[in-house]
2 protein chains.
Amino acid sequence: MGAGWAAAAFAGLDAPDIARLDALPVHALPAGTRLFGPGEQAQGFAVILSGRVEVSLTGASGREILLYAIEPGQSCIQSTLGLMGDEPYTGEAITVRDTRLALIPAPLFRALMDRSGPFRAQVFHAFATRMSEMTQLLERVAFTRVEARLAQALLDLGPEGLVTATHAELAARIGSAREVVSRRLEALARRGLVGTERGRILLRDLPGLRQLASVG
Amino acid sequence: MGAGWAAAAFAGLDAPDIARLDALPVHALPAGTRLFGPGEQAQGFAVILSGRVEVSLTGASGREILLYAIEPGQSCIQSTLGLMGDEPYTGEAITVRDTRLALIPAPLFRALMDRSGPFRAQVFHAFATRMSEMTQLLERVAFTRVEARLAQALLDLGPEGLVTATHAELAARIGSAREVVSRRLEALARRGLVGTERGRILLRDLPGLRQLASVG
DNA sequence: GATCCGATGTGACCATGTCACAGACGGCAA
DNA sequence: TTGCCGTCTGTGACATGGTCACATCGGATC
């Protein structure tokens, strides 16, 4: 997505609005850029054109958990909380790859919400999806064992069978602790489900992992 | 809230729309009625006029956790997930007191969303608020100890100092297990923060409990 | 090779969840 | 009153998970 991204990202918008969006500057951000952190005010409504942004939560102890990721064509719903309600951010958004995004300024966002049905539908749908995902995440965190969440994370990161991530990164993703992940991985390795090397994990038994991830 | 509830619940709506909403039948439901459960399709957009509805999640093991409560004048956001996206419910909504509510049928809901700015603003705001609350809940469940969540629950249920609830009910509220709640309460009692009787808990040290609830 | 740093392994200990029961209490019927 | 029953609460034993303190290890750099 790049020049002319608006038509693809917001199907059904009329031509003048598409032109307005396409005219917005596109920001190119290197991997590792922090888009916003807890308590900050929204600059506008962010639409990701390429790359990937992850939004995560950090607890008092320093433990982290991934809330959700934003892929190309998706918008950063978290940024709408500040635009629509008065809720401050509680999460932190960071680019995990080189990323290009457009920022719809608050006034234009509000105008589009008012006059464009398709735009509204898009925003609402994204909202509903995130809410649903967050509920599922809450359910997994509250009720399932680390092993199931870890298996799910491994499958998400390397559906082909190879995951390049440290134990600490995996822990931050599933909201656990590094040591716990190390021990779980060792246990999975003993059972032949994975192989471990420094910085990467080989998934040796994808069906077995899927089973673990779903059972909980 | 009763006859003429719409003007109060949706400030800024124009007269014809208020009349349409006021004309909807009001349902009176006894405490303990189940409004919807996991996987069901939304009947419409529910607005609570009096009473209280609690939405909670149940894990495979049977453990429960309270997602949020809906008070008079608020709407059941969960029901919009089905109306706007195609996400099924994942929670279960139950009246905890005798409750009266109006159900806005899906077609009227969609029409109002299209043509009424104030209605949209209301729905969006409610959405943003729930999302923010859910995020905070996730943070508490993922990162704070049971003791802090329990103290918070006690303060929520009995800000005056008396809580009428069983240990099992408290456990369901905070997403823990009955035995754990029993033991935590006993520990709090030993420290003089609460007194326990069958079916109710006396909060002896409100500032102390507030401290516990906030520290995590 | 010597050194440094991030990644990983380990043991101890506490908090929490689960299971299996044992009492304890309150209401109700005989 | 007495006995019964269902619910609430208490307890011990054990598995899992989180935290802390270190030990090791592997690679990169000098």
Side-chain angles (χ1 to χ4, degrees), chain A residues 32 57-65 138-154 157 163-191 194-202 212-213 215-216, chain B residues 32 57-65 138-154 157 163-191 194-202 212-213 215-216:
Chain A
L57 214 55
T58 304
S61 61
R63 244 159 74 217
E64 266 182 68
I65 186 167
L138 182 54
E139 181 168 3
R140 286 185 79 78
V141 170
F143 300 134
T144 70
R145 344 159 115 267
V146 163
E147 188 167 75
R149 284 185 278 150
L150 179 57
Q152 184 64 60
L154 291 173
L157 288 171
V163 171
T164 304
T166 66
H167 298 183
E169 285 162 359
L170 290 169
R173 174 169 283 258
I174 66 174
S176 178
R178 201 256 317 158
E179 299 90 320
V180 176
V181 167
S182 289
R183 286 174 180 137
R184 283 298 102 205
L185 280 175
E186 194 198 330
L188 292 180
R190 269 199 307 269
R191 287 193 269 159
V194 304
T196 65
E197 300 173 22
R198 187 188 175 87
R200 55 209 195 110
I201 296 118
L202 288 99
L212 271 186
V215 169
Chain B
L57 214 56
T58 304
S61 61
R63 245 159 73 215
E64 266 182 67
I65 186 168
L138 182 55
E139 181 168 2
R140 285 187 80 77
V141 170
F143 300 133
T144 70
R145 328 143 66 54
V146 163
E147 187 168 78
R149 283 184 278 148
L150 179 56
Q152 184 65 60
L154 291 174
L157 287 171
V163 171
T164 304
T166 66
H167 299 182
E169 285 163 359
L170 290 169
R173 174 167 281 257
I174 66 174
S176 178
R178 200 255 319 157
E179 300 90 320
V180 176
V181 167
S182 289
R183 285 174 181 138
R184 281 301 100 207
L185 280 175
E186 194 198 329
L188 292 180
R190 269 201 306 271
R191 286 193 270 158
V194 305
T196 65
E197 301 172 22
R198 186 186 175 89
R200 54 210 196 110
I201 295 119
L202 287 99
L212 271 186
V215 168

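Only a predicted model underlies this, so the values are computations on that prediction, with no experimental measurement involved. Numbers restart at 1 for each chain; the letters A, B, ... are given by sequence-line order, proteins then strands. All heavy atoms count here, side chains included; hydrogens, waters and symmetry mates do not.
Rounding to whole angstrom units, CZ of residue B:Arg145 and P of C:dC14 are separated by 12 Å. One atom, CG of B:Leu170, and another, P of D:dT7, lie 18 Å apart when rounded to the nearest Å. The distance from atom CG of A:Leu188 to atom P of D:dG17 is 11 Å, rounded to the nearest whole Å. For the pair A:Leu185 CG and D:dG17 C1', the interatomic distance rounds to 15 Å; values are reported in whole Å. One can place CZ of A:Arg190 at 11 Å from P of C:dG9, the figure rounded to the nearest angstrom. Note: CD1 (A:Ile174) to C1' (D:dT16) measures 13 Å, nearest angstrom. Atom-to-atom, CZ of B:Phe143 to C1' of D:dG17 comes out at 14 Å; the value is rounded to the nearest Å. Rounded to a whole Å, the CZ atom of B:Arg149 is 11 Å from the C1' atom of C:dA15.
Within 4.0 Å of A:Val146, counting heavy atoms only, lie sugar-phosphate atoms of the nucleic acid but no base atom. Heavy atoms of B:Arg184 sit under 4.0 angstrom from primed sugar atoms or phosphate atoms, though from no base atom.
Across all their heavy atoms, B:Arg140 and B:Gln152 have their closest contact at NH2-CB, 3.7 Å. Nearest heavy-atom pair, A:Ala177 versus A:Ala171, reported as atom, atom and distance to 0.1 Å: C-CB, 3.6 Å.
Between A:Ala177 and B:His167, the residue whose closest nucleotide on DNA chain D is further toward the 5' end is B:His167.
Between A:Ser176 and D:dG18 there is a side-chain polar atom (N or O) within less than 4.0 angstrom of OP1 or OP2. Side-chain N/O atoms of A:Arg63 include one lying less than 4.0 angstrom from OP1 or OP2 on D:dT19.
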Could you list all N or O pairs between the protein and nucleotides 10-12 of chain C that sit under 3.5 Å apart?
unit_1	atom_1	unit_2	atom_2	d
C:dG11	N7	A:Arg183	NH2	2.8
C:dG11	O6	A:Arg183	NH2	2.7

Query raised in the report: Does the side-chain contact (heavy atoms from CB on, under 4.5 Å) test come out yes or no for A:Val146 and A:Arg183, once each step is laid out?
Result: CA-CA 11 Å; A:Val146 163; A:Arg183 286 174 180 137; over 6 Å; no

Report task. Determine, step by step, whether B:Leu150 and B:Val180 satisfy the side-chain contact (heavy atoms from CB on, under 4.5 Å) criterion, reporting the C-alpha distance in whole Å, the side-chain angles of both residues, the deciding distance to 0.1 Å, and the verdict. Result -> CA-CA 10 Å; B:Leu150 179 56; B:Val180 176; over 6 Å; no

**Report entry** Stepwise side-chain contact (heavy atoms from CB on, under 4.5 Å) check, A:Arg184 with A:Leu170
**Finding:** CA-CA 11 Å; A:Arg184 283 298 102 205; A:Leu170 290 169; over 6 Å; no

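At a cut-off of 3.5 angstrom, counting only N and O atoms as typed in the model, there is a donor on one side and an acceptor on the other between the side-chain of B:Arg198 and the base of D:dT7.
Remark: B:Glu186 engages B:Arg190 in a salt bridge, criterion side-chain N to carboxylate O under 4.0 Å.
Ranking D:dT9, C:dT18, D:dT19 by closeness to the A:Ser61 side chain, first place goes to D:dT19.
Distance alone, capped at 3.5 Å, is enough to place a donor-acceptor pair between the B:Arg63 side chain and the A:Ala142 backbone.
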